[in-house]
Amino acid sequence: MHISMESRDFLENLKVYLISSGKKEIEINEIIEELEDHLYEAEKNGKKIDDIIGKSPKEYMEQVANEISFDLKGVVKFIPIVMLGAFAFILTGKAIRGFLEFSIIDLVGYPLIFLLYLLITASVFKYVSSRHLTKIKERILLGTTSLFPFVLFMVLLYLNSSINTPAIEFGIIGNIVAISCAAIIFIWIAVWSKSWVTIIIPILLFLPEGMVNLTTLEDKTKAILNATIPFALIGIYLFILWNKERNKGNTR
């Protein structure tokens, strides 16, 4: 079924809005498929998307969202999985750098940061998907959102350096166990989500750093390589994914 790019973008934005609102995936897919049929028939008769929704995209999305029940069970399952995945990244990073240690502030702060980031990200996605923003504004907003956890982690580091609290330290065996547990979590999430992303991203992020740290290069050179190579590889991988999705959308 071929519909215009404008209609395709609207359907994708609607799906993002409903997912960010915590709606049931089955009901979301049913509504998207039904609306796609309506848009296809309307465009065959020379009509546009405004003739179907009859109001602003934001108002229409809010109306549809109000008609679908909140998936409390799905959200309750989703949050711990995301938090486990995020914690696996932290475990791996600390273990590779050789200082696996968690203070009381860390144990309280990390879960709070994850929850706040999930809430803010969901709100931003709802905002972006329901409004006609320029690509520049959209990228600035999403880019600013991505910096939010970084700022909070800096606050966490400051608190750790300013306040003395009990800490749990792990030795070499602890590092090995932590990396093993993190790997199991990454694989489990990949199987659950039916996606290789949670396996490929950690490999691209941590494997180059681990290999660089094994070399005899100067610390300054290691720091530069560790700050550039992983993120360059992830950027290339994300670009490939984006290009693949764009081509898939154009062939529909």
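Predicted model, so just to flag it, every value in this text is computed and none were measured.
Geometrically, Lys94 engages Phe102 in a cation-pi contact defined by less than 6.0 Å to the ring centre and at most 45° from the axis.
Open room surrounds CD1 on Ile172; 12 or fewer heavy atoms of other groups in view lie less than 6.0 Å from it. Summarising the local packing, CD1 of Ile136 is surrounded by 12 or fewer heavy atoms from other residues, nucleotides or ligands at distances under 6.0 Å. The local environment of CD1 in Ile173 is sparse, with at most 12 non-hydrogen atoms from other residues, nucleotides or ligands closer than 6.0 Å. Within 6.0 Å of CD on Glu25 lie no more than 12 heavy atoms contributed by other residues, nucleotides or ligands. Counting heavy-atom neighbours within 6.0 Å of Glu67 CD, excluding the residue itself, gives a total above 12. By the 6.0 Å contact criterion, CZ on Arg139 is open, its count of non-hydrogen atoms from other residues, nucleotides or ligands being 12 or less. The environment of Phe70 atom CZ is dense: over 12 non-hydrogen atoms of other residues, nucleotides or ligands sit within 6.0 angstrom. Within a 6.0 Å radius of CD1 in Ile26, no more than 12 heavy atoms belonging to other residues, nucleotides or ligands are found.
Salt bridge present: Lys58 and Glu62 bring a charged side-chain N and a carboxylate O closer than 4.0 Å. A salt bridge does not link Lys222 with Glu209: none of the charged nitrogens is closer than 4.0 Å to a carboxylate oxygen.
Put simply, CG on Leu204 and CD1 on Ile229 are 12.0 Å apart, with the number rounded to the nearest 0.5 Å. Taken to the nearest 0.5 Å, the CD1 atom of Ile105 stands 4.5 Å off from the CD1 atom of Ile163. Note: Asn164 CG to Ile104 CD1 = 12.5 Å, rounded to the nearest 0.5 Å. Note that the CG atom of Leu18 and the NZ atom of Lys24 stand 14.0 Å from one another [nearest 0.5 Å]. In this structure, Leu205 CG and Leu233 CG are separated by 10.0 Å, a value rounded to the nearest 0.5 Å. Taken from NZ in Lys126 to OH in Tyr17, the straight-line distance is 4.5 Å, to the nearest 0.5 Å.
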TODO: Begin from the C-alpha positions of Ile90 and Phe114 and carry the test side chain to side chain contact (heavy atoms under 4.5 Å, CB included) through to its verdict.
DONE: CA-CA 12 Å; Ile90 292 174; Phe114 298 153; 3.4 Å; yes
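The aromatic rings of Phe10 and Tyr60 are tilted relative to each other, their planes meeting at an angle between 30° and 60°. Ring planes of Tyr110 and Phe87: perpendicular class, angle over 60° (limits at 30 and 60°).
Among the candidates Ile168, Asn160, Leu156, the single residue satisfying the side-chain contact (heavy atoms from CB on, under 4.5 Å) test with Ser103 is Asn160.
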